[in-house]
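By convention here, the first residue in the shown sequence is residue 1.
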Amino acid sequence: MSVIGPSCNLPSETSPGCGCTTKPEPGGGKAASTAVATALVAAACTACCVLPFTLPAVVLAGAGSLIAVLDHAHGLMTKLSVVVVLGAWGWIVWRSRTTGLKIRATVLAAMCAATVLTATAALWPVMEPAVFHMLGVAKKPKLPAS
């Protein structure tokens, strides 16, 4: 028994000597590289040819479902928006009075924009018919059949 590793035997009729063992030839390497190259080309073709046709459909379907969900949440989100804007105005005024600092113009502009957008969302059910009529997309009422 050797401390370094297995010892080398002398050549005989049944086994070759050390270093004379037949080494397997790497025949599977070419097939594997061909398979990987084919997979990469297929992925590239999919990304270039199929994706432009399927991606818009997926995006439109996702956007449509998001709009449908948001349409049902309009009332709750509008109420939440009104509460948040009123709370933000209260917080800004309170911090301004307790610290004695003036409110910055950028903060006032952002809060005015938020207030206008929230008021528009809250008044949308009232404004919708007039806006759609002005844009020319209002539904025309059906005349009663006589």
- prompt: When rounded to the nearest 0.5 angstrom, what distance separates CD in Glu128 from NE2 in His133?
  reply: 14.0 Å
message: Quick check: is Val126 connected to Trp124 through a chain of hydrophobic side chains (ILVMFWY, heavy atoms under 4.5 Å apart)?
response: no
message: Going by the rule side chain to side chain donor-acceptor pair (under 3.5 Å), which residues pair with Thr78 if we only count those two or more places apart in sequence or in a different chain?
response: none
- prompt: Among all residues two or more places apart in sequence or in another chain, which pass the side chain to side chain donor-acceptor pair (under 3.5 Å) test with Thr120?
  reply: none
- request: Following the transitive rule for hydrophobic clusters with a side-chain heavy-atom cut-off under 4.5 Å over Ile, Leu, Val, Met, Phe, Trp and Tyr, establish whether Val137 and Val131 coincide in one cluster.
  value: yes
field: Transitive ILVMFWY cluster of Trp89, excluding itself - 4.5 Å side-chain cut-off
entry: Val85, Ile92, Ile103, Val107, Leu108, Met111
field: Pairs meeting criterion side-chain hydrogen bond (donor to acceptor under 3.5 Å, both in side chains) with involvement of residues 91-108, two or more places apart
entry: none
Atom pairs and distances, donor-acceptor, side-chain atoms in residues 57-69, under 3.5 Å, two or more places apart:
unit_1: Ser65; atom_1: OG; unit_2: Ala61; atom_2: O; d: 3.3
unit_1: Ser65; atom_1: OG; unit_2: Gly62; atom_2: O; d: 2.8

message: In this structure, would Leu117 and Leu76 fall into the same cluster of hydrophobic residues linked by side-chain contacts under 4.5 Å?
response: no
Connected hydrophobic set around Val82, excluding itself, where side chains approach under 4.5 Å: Leu86
